[in-house]
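The structure appears below as structure tokens.
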Number of protein chains: 2
Amino acid sequence: MVARSPQAGPDEAALDALFHALADATRRDILRRTLHAEATVSELAAAYDMSFAAVQKHVVVLETAGLITKTAAGRTRRVRACPDQLARARGLLSQLEALWRDRFDRLEELLSTPAEASEPCPSPSPPIPNSSP
Amino acid sequence: MVARSPQAGPDEAALDALFHALADATRRDILRRTLHAEATVSELAAAYDMSFAAVQKHVVVLETAGLITKTAAGRTRRVRACPDQLARARGLLSQLEALWRDRFDRLEELLSTPAEASEPCPSPSPPIPNSSP
DNA sequence: CTAACGTACAACCAAATGGTTGCACGATCA
DNA sequence: TGATCGTGCAACCATTTGGTTGTACGTTAG
């Protein structure tokens with residue numbers, strides 16, 4: 001039971017790292033590239049307007065989060081994305097959405113009315129293209 | 001920042017805010033609670049070992065990310081979660097996973113071999129229960 | 001052998017984060 | 001009316017983040 005401390009789960013820190021890694025446009029782009037095809041660190045670095053070291057640090061963050069792996073290849077490092085942690089994050093989000101659906105169901109059960117108005121929740125960003133559910 | 005290629009969408013900043021909001025155990029817990037049932041800010045604050053102001057700031061972060069909304073109710077504020085942005089995040093992750101599947105397919109197409117070994121990608125955290133895909 | 005390349009890493013800096021305390025203000029209760 | 005409660009916000013502080021430059025070290029090319 002989550003009485004006081006939210007520090008319950010042992011992998012909460014891993015989730016922190018996961019979502020933190022995803023919370024940066026450059027890192028999401030690196031992830032996209034390496035998801036699509038392997039790349040070396042300098043190939044990645046050449047794609048962005050920042051120093052090599054900056055990109056290398058982004059790669060480290062992604063690696064720490066378990067979203068990519070590097071394998072030595074001569075003097076280069078081949079960067080490869082791992083969809084496992086991605087699936088983990090998606091799983092958590094689905095879990096949360098299910099939690100919401102449960103509340104909805106409970107309401108429907110208690111009051112047999114068509115459920116609490118369902119106001120569209122003012123979105124702070126464009127209406128969502130929402131590609132693949 | 002991010003000048004060369006990562007200029008995919010105009011809402012990259014919104015995604016930054018979204019994932020950043022999710023990258024904190026306390027905020028994920030607040031989200032869980034409000035997803036499950038509405039709560040006031042002080043009800044939430046009472047659940048954690050930190051000051052009211054700290055929790056209030058977490059609530060602001062979640063609100064900015066569009067993950068929750070507050071509605072005035074007398075002198076209290078009823079905090080309600082919105083699953084829309086959650087779905088948005090999940091959609092992006094699915095998109096990324098699809099990208100990876102595409103690479104896989106391309107490989108299978110080019111070389112008709114059973115595809116690149118598929119090394120398990122050393123996970124930095126427990127193997128994933130992976131609840132609802 | 002020597003030079004250039006790809007990578008890693010340290011030191012440094014500005015800005016953001018996450019926490020604190022304190023105060024102001026409207027709503028509620030006695 | 002006056003005290004109290006719930007909330008928002010500002011000021012402050014320590015730590016982290018995201019960027020820089022510079023350096024070191026193994027690998028490859030000439």
Side-chain angles (χ1 to χ4, degrees), chain A residues 4-7 12-31 33-34 38-65 67-80 124, chain B residues 1-7 12-31 33-34 38-65 67-80:
Chain A
R4 275 251 150 184
S5 49
Q7 312 300 351
E12 288 293 316
L15 285 175
D16 287 2
L18 229 188
F19 285 112
H20 169 70
L22 290 168
D24 182 284
T26 301
R27 286 196 289 265
R28 284 194 301 274
D29 198 72
I30 290 177
L31 197 52
R33 286 171 184 269
T34 54
E38 287 186 6
T40 67
V41 182
S42 45
E43 280 170 357
L44 291 174
Y48 307 98
D49 269 347
M50 62 184 79
S51 68
F52 174 89
V55 174
Q56 205 260 346
K57 284 210 266 182
H58 281 305
V59 169
V60 167
V61 170
L62 287 167
E63 196 179 14
T64 301
L67 285 165
I68 63 173
T69 52
K70 274 179 295 190
T71 72
R75 72 179 157 184
T76 74
R77 300 287 182 275
R78 317 188 60 176
V79 179
R80 236 165 63 138
Chain B
M1 318 140 187
V2 191
R4 282 215 201 168
S5 23
Q7 282 310 349
E12 288 293 317
L15 284 175
D16 287 2
L18 228 188
F19 285 113
H20 169 69
L22 291 168
D24 181 284
T26 300
R27 286 196 290 263
R28 284 194 300 274
D29 198 71
I30 290 177
L31 197 52
R33 285 172 185 269
T34 55
E38 287 187 4
T40 67
V41 182
S42 45
E43 278 170 357
L44 290 174
Y48 307 100
D49 269 345
M50 62 184 78
S51 67
F52 174 88
V55 174
Q56 205 260 347
K57 284 210 265 182
H58 281 305
V59 168
V60 167
V61 170
L62 287 167
E63 196 179 13
T64 301
L67 284 166
I68 63 174
T69 52
K70 274 179 295 190
T71 72
R75 70 179 158 184
T76 74
R77 299 288 180 274
R78 319 189 59 176
V79 179
R80 233 161 70 131

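Naming: A, B, ... by sequence-line order, numbering from 1 per chain. Hydrogens, waters and symmetry mates are skipped; everything else that's a heavy atom, side chains included, is used.
The phosphate of C:dT17 (OP1 or OP2) has no side-chain N or O of B:His58 nearer than 4.0 angstrom. Within the 4.0 Å cut-off from OP1 or OP2 of C:dT7, not a single side-chain nitrogen or oxygen of A:Gln56 is found. Close to C:dC5, at under 4.0 Å from its OP1 or OP2, lies no side-chain N or O of A:Ser42. The phosphate of C:dA16 (OP1 or OP2) has no side-chain N or O of A:His20 nearer than 4.0 angstrom. In terms of phosphate contacts, B:Lys70 brings no side-chain nitrogen or oxygen within less than 4.0 Å of OP1 or OP2 of D:dT7. Within the 4.0 Å cut-off from OP1 or OP2 of D:dG6, not a single side-chain nitrogen or oxygen of B:Arg77 is found.
Between the CG atom of B:Asp24 and the P atom of D:dT16 there is a distance of 14 Å, given to the nearest Å. The distance from atom CG of B:Asp49 to atom P of C:dG19 is 12 Å, rounded to the nearest whole Å. Taking atom CZ of residue A:Phe52 and atom P of nucleotide D:dG18, one finds them 18 Å apart after rounding to whole Å. If you measure from atom CG of A:Asp16 to atom P of D:dT17, you get 10 Å, rounded to the nearest angstrom. Rounded to a whole Å, the CZ atom of A:Arg78 is 15 Å from the P atom of C:dG6. B:Leu44 has its CG atom 13 Å from the C1' atom of D:dT7, to the nearest Å. Taking atom CG of residue B:Leu62 and atom C1' of nucleotide D:dG8, one finds them 16 Å apart after rounding to whole Å.
Side-chain contact between B:Arg77 and B:Gln56: absent, with no pair of heavy atoms (C-beta onward) separated by less than 4.5 Å. Residues A:Phe19 and B:Arg28 form a side-chain contact, since some pair of their non-hydrogen atoms from C-beta on lies under 4.5 Å apart. Looking at A:Leu67 and A:Thr34, their side chains never come closer than 4.5 Å, going by heavy atoms from C-beta outward. Side-chain contact between B:Met50 and B:His58: present, with at least one pair of heavy atoms (C-beta onward) separated by less than 4.5 Å. Counting only heavy atoms from C-beta outward, the side chains of B:Val61 and B:His20 approach each other to under 4.5 Å.
Here B:Thr76 lies in heavy-atom contact (under 4.0 Å) with sugar-phosphate atoms only. If you check every strand for non-hydrogen atoms under 4.0 Å, B:Arg27 touches sugar and phosphate atoms only.
Closest approach to the A:Arg75 side chain among C:dT7, D:dG26, C:dA8 is made by D:dG26 (side chain taken as heavy atoms from C-beta onward).
In terms of position along DNA chain D, the nucleotide closest to B:Thr40 lies nearer the 5' end than the nucleotide closest to the other residue of the pair B:Lys57 and B:Thr40.
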